[in-house]
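Below is one structure, written out as structure tokens, with a few remarks after it.
Labels below follow one simple rule: chain letters A, B, ... track the order of the sequence lines, proteins then strands, and each chain is numbered from 1.
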Number of protein chains: 2
Amino acid sequence: MGVTINDIAKAAKVSPSTISRVIANNPRISAATRERVLKIMKEMNYHPNYIARSLAKKSTKIIGLVVPGSTENSFRHPFFPEILRGIGSVAYKNGYNILISSANTAAEEKQMAKEFAVGGITEGIILMTSMIKDPAVSELKKLKFPFVVVGRPQDDNEVNWVDNNNFSISYELTKHFIAQGYKKIAFLGVSYEYTVTIDRLEGYKKALEDNGLAFDADLTVEGKFIDDKGYDLMNKLFEKGIIPDAAIAIDDLIAFGVIAAIREKGLRVPDDIAVAGFNNAPLSEYMTPALTSVEVNAFTLGIKAFELLLADIESEHKSFNRAIVPGELIIRKSSIKTF
Amino acid sequence: MGVTINDIAKAAKVSPSTISRVIANNPRISAATRERVLKIMKEMNYHPNYIARSLAKKSTKIIGLVVPGSTENSFRHPFFPEILRGIGSVAYKNGYNILISSANTAAEEKQMAKEFAVGGITEGIILMTSMIKDPAVSELKKLKFPFVVVGRPQDDNEVNWVDNNNFSISYELTKHFIAQGYKKIAFLGVSYEYTVTIDRLEGYKKALEDNGLAFDADLTVEGKFIDDKGYDLMNKLFEKGIIPDAAIAIDDLIAFGVIAAIREKGLRVPDDIAVAGFNNAPLSEYMTPALTSVEVNAFTLGIKAFELLLADIESEHKSFNRAIVPGELIIRKSSIKTF
DNA sequence: CTGAAAGCGCTTACAG
DNA sequence: CTGAAAGCGCTTACAG
């Protein structure tokens with residue numbers, strides 16, 4: 001703070017333009033003056049002002065990240081920091097900084113996204129959301145501002161997005177149960193507000209169908225994605241007098257609640273009811289029994305999200321892209337038939 | 001992008017100064033012109049340029065957050081997003097945005113902190129670190145730039161910091177074991193690079209001492225905080241032929257590895273060895289047995305960190321402050337004597 | 001190879 | 001109540 005390009009110019013007895021060119025590594029500056037200026041910059045402890053440069057260049061090298069906020073547990077989920085790590089790793093390499101903002105409601109989210117877009121502070125936005133009818137998405141579309149959505153948007157027309165192959169991986173997981181002879185497979189935690197849960201439900205349905213099992217709506221329990229307690233969801237089934245032989249939960253945290261409910265009823269996992277989740281929570285491998293899950297590779301999702309955004313910001317030729325990161329089925333004891 | 005204060009000025013047939021005053025809600029502007037200008041701003045879809053304003057006002061309303069990066073698992077730990085949520089919640093209320101940066105090494109961390117400080121882009125910094133001899137801390141001290149450290153710094157002279165009462169809460173946890181008659185209590189995961197682990201070790205030692213138990217260095221296993229596998233740490237004890245009757249792990253994730261090692265040896269938790277962790281991971285309550293832990297209230301830590309930073313940025317009278325957020329002992333089955 | 005000038009889009013004393 | 005002017009700290013054609 002304090003020493004500016006003009007101070008250096010005076011001290012070096014050259015013009016500010018020259019200082020600017022030294023900073024920018026402009027090759028037209030003679031080696032002699034370059035050295036002299038660099039030395040003085042160091043002596044006077046000069047550092048270019050990022051804000052002034054941004055204004056002059058009309059480029060801030062900052063991207064905005066809008067995350068769901070305090071009222072939603074999604075923010076607490078381990079995949080969030082993983083995605084952030086992924087974004088950060090490539091952003092850093094490309095000289096971008098990340099401005100982060102959390103919103104508590106869809107309206108707030110739209111507001112934050114808009115502020116980032118119109119304020120001239122960010123050059124692009126990543127939305128950590130995949131909600132149906134997301135107002136932030138329509139707002140950014142309207143503004144024609146570069147952005148990427150993490151999670152398939154309901155209407156993926158004219159938007160960049162990244163996601164897992166939720167349909168396929170859910171299909172595969174369901175098949176893993178069917179192949180072992182399970183027939184009454186429950187699906188817990190669908191929320192019609194999140195495409196991710198819908199896609200997983202569809203994969204499950206298709207797997208049933210392809211293997212001659214009828215889809216039974218009674219085996220599907222609606223929830224609020226990861227905001228709900230698996231314990232409650234499983235008990236809804238029990239209260240209806242339904243005892244499945246297997247249960248797929250939309251998230252590992254839900255799965256643990258499901259297991260708790262099963263045990264409370266005096267049943268065993270996997271012997272009486274086999275269980276699997278999604279998102280491979282850090283502790284899932286340590287549980288007893290270890291939980292079968294799907295690794296979603298959130299770090300890679302973050303990398304892809306940034307790459308798509310960068311392309312949108314820098315490319316001359318506008319296009320809308322998507323990247324699908326494959327999930328990996330991780331089979332552990334909770335879903336392996338023991339008899 | 002595009003429409004500036006000058007465009008509005010022309011359209012409204014007033015000077016740019018007047019537009020600026022309307023934006024700033026300056027009371028000296030007549031209601032009539034204010035209304036007219038606001039109307040035109042809306043019609044022309046004008047939004048003030050944040051960067052230009054920052055340059056003119058010499059205030060960006062942005063704080064920097066430096067987090068440990070990809071190579072460290074600390075970033076993956078659930079407390080990270082919790083702290084971020086806490087910071088975000090108050091930052092938002094105070095009109096601050098958060099610029100985030102992750103570093104992989106201590107040197108990189110210092111570099112990021114310095115760039116944030118000297119680049120004129122942030123007005124203060126929160127360091128998510130509590131490492132011994134943190135170069136970022138000394139750098140920011142040298143620059144006399146406002147900052148707050150999450151975690152007690154080794155030398156807390158002239159630094160603002162927030163932390164849990166790690167000594168006391170560890171004391172309390174240890175006493176919980178002693179009170180039940182446990183005598184051979186292991187302590188796993190001390191890292192002399194993190195003050196948090198040292199403080200917890202000291203609390204453990206003091207509790208032993210105050211209750212007539214000798215501290216036995218052989219019962220302490222060093223680790224790399226949450227980067228290490230609890231499984232390996234516990235086996236180090238076993239390999240030395242030591243079988244404790246209780247084990248305190250520096251983190252819940254470590255504790256789960258510890259439990260896995262205990263079981264592999266054919267012993268039971270808590271019957272043969274009682275176990276507890278710290279940081280109350282989201283799944284700890286679902287484990288079998290549910291894990292005794294310490295809730296560190298990371299959200300509150302984040303709030304306090306921002307409040308301290310804000311005070312440093314805005315206060316006329318410089319001072320160095322700290323805030324201690326009490327942890328809460330959460331006793332579950334893993335540490336309750338069954339016989 | 002270097003400089004003078006204009007400009008990026010705002011704010012803010014100063015003047016009236 | 002409003003405006004003209006200078007300034008925030010840079011960059012960048014244009015000129016030489």
Side-chain angles (χ1 to χ4, degrees), chain A residues 1-38 40-41 44-62 95 97 115-123, chain B residues 1-38 40-41 44-62 95 97 115-123:
Chain A
M1 291 271 95
V3 31
T4 74
I5 213 172
N6 291 304
D7 301 326
I8 304 296
K10 270 176 209 152
K13 299 197 199 312
V14 288
S15 77
S17 323
T18 298
I19 308 297
S20 177
R21 293 191 182 104
V22 169
I23 296 168
N25 254 311
N26 186 317
R28 293 188 305 186
I29 299 294
S30 75
T33 53
R34 176 189 310 284
E35 292 315 315
R36 190 157 48 88
V37 167
L38 285 173
I40 292 175
M41 277 173 28
M44 298 181 64
N45 196 27
Y46 167 77
H47 298 280
N49 182 297
Y50 197 91
I51 300 292
R53 161 181 298 183
S54 294
L55 184 59
K57 296 189 78 164
K58 295 187 142 225
S59 152
T60 60
K61 287 275 184 178
I62 294 178
N97 277 308
E115 274 174 27
F116 277 176
V118 300
I121 190 164
T122 64
E123 301 183 0
Chain B
M1 289 271 94
V3 30
T4 74
I5 212 172
N6 291 303
D7 300 327
I8 304 297
K10 269 176 209 152
K13 299 196 197 315
V14 289
S15 75
S17 324
T18 298
I19 308 297
S20 176
R21 290 190 185 105
V22 169
I23 296 168
N25 253 312
N26 187 316
R28 291 188 305 186
I29 299 293
S30 76
T33 53
R34 175 188 313 283
E35 292 316 316
R36 191 158 46 89
V37 167
L38 285 173
I40 293 176
M41 277 174 25
M44 299 181 65
N45 198 25
Y46 167 75
H47 298 281
N49 182 297
Y50 198 91
I51 300 292
R53 161 181 297 183
S54 294
L55 183 59
K57 295 189 81 164
K58 295 188 140 223
S59 151
T60 60
K61 286 276 186 178
I62 294 178
N97 278 307
E115 273 174 29
F116 277 177
V118 301
I121 191 164
T122 65
E123 300 184 1

Between [N] ([atom2]) and [X] ([atom1]): distance, integer Å:
X: A/Arg53; N: D/dC10; atom1: CZ; atom2: P; answer: 9 Å
X: A/Arg34; N: C/dT2; atom1: CZ; atom2: P; answer: 9 Å
X: B/Ile19; N: D/dC1; atom1: CD1; atom2: P; answer: 17 Å
X: B/Leu55; N: D/dA6; atom1: CG; atom2: P; answer: 18 Å
X: B/His47; N: C/dC10; atom1: NE2; atom2: C1'; answer: 16 Å
X: B/Asn6; N: D/dG3; atom1: CG; atom2: P; answer: 13 Å
X: A/Lys61; N: D/dC10; atom1: NZ; atom2: C1'; answer: 17 Å
X: A/Asn26; N: D/dC10; atom1: CG; atom2: C1'; answer: 15 Å

Taking 4.0 Å as the cut-off, does a side-chain nitrogen or oxygen of [X] come that near to OP1 or OP2 on [N]?
X: B/Thr18; N: D/dT2; value: no
X: B/Thr4; N: C/dG9; value: no
X: B/Lys58; N: D/dG9; value: yes

Looking at [atom1] of [X] and [atom2] of [Y], how far apart are the two atoms once the value is rounded to the nearest 0.5 Å?
X: A/Ser54; Y: B/Ile121; atom1: OG; atom2: CD1; value: 6.0 Å
X: A/Leu55; Y: B/Tyr50; atom1: CG; atom2: OH; value: 14.5 Å
X: A/Thr4; Y: A/Met44; atom1: OG1; atom2: CE; value: 8.5 Å
X: A/Glu35; Y: A/Ser30; atom1: CD; atom2: OG; value: 9.5 Å
X: A/Ile51; Y: B/Thr60; atom1: CD1; atom2: OG1; value: 5.5 Å

Heteroatom pairs (N/O) under 3.5 angstrom, protein to nucleotides 12-16 of chain C:
| from | atom 1 | to | atom 2 | distance (Å) |
| --- | --- | --- | --- | --- |
| C/dT12 | O4 | B/Ser17 | OG | 3.4 |
| C/dA13 | N6 | B/Arg21 | NH2 | 2.7 |

Look at the side chain of [X] and the backbone N and O of [Y], then say whether any donor-acceptor pair between them is shorter than 3.5 Å.
X: A/Arg36; Y: A/Ala12; result: yes
X: A/Glu123; Y: A/Lys61; result: yes
X: A/Arg34; Y: A/Arg21; result: no

**OP:** Please figure out whether B/Val14 or A/Ala52 has its closest DNA chain D nucleotide nearer the 5' end.
**Re:** B/Val14
**OP:** With DNA chain D as reference, determine whether B/Arg36 or A/Ile51 sits nearer its 5' end, using the nearest nucleotide of each.
**Re:** B/Arg36
**OP:** Tell me what A/Thr33 touches on the nucleic acid: a base, only sugar-phosphate, or nothing, going by heavy atoms under 4.0 Å.
**Re:**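 Sugar-phosphate contact only - A/Thr33 comes under 4.0 Å of backbone atoms but never of a base.
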**OP:** Quick one: label A/Tyr50 by what it contacts on the DNA or RNA (base, sugar-phosphate, nothing), any heavy atom closer than 4.0 Å.
**Re:**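 Here A/Tyr50 touches no strand at all.
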Subject >> Which nucleotides of DNA chain D pair, in dot-bracket form (Watson-Crick or G-U under 3.5 Å, | meaning another strand) >> reply: |||.||||||||.|||
**OP:** When you get a sec, tell me which of C/dC8, C/dT11, D/dC1 is the closest nucleotide to the side chain of B/Ile5?
**Re:** C/dT11
Subject >> B/Ser20: side-chain hydrogen bond (donor to acceptor under 3.5 Å, both in side chains) partners, not counting sequence neighbours >> reply: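 If we apply the side-chain hydrogen bond (donor to acceptor under 3.5 Å, both in side chains) test to B/Ser20, skipping adjacent residues, there are no hits.
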Subject >> Single hit among B/Ile23, B/Ile40, B/Asp7 for side-chain contact (heavy atoms from CB on, under 4.5 Å) with B/Tyr46 >> reply: B/Ile23
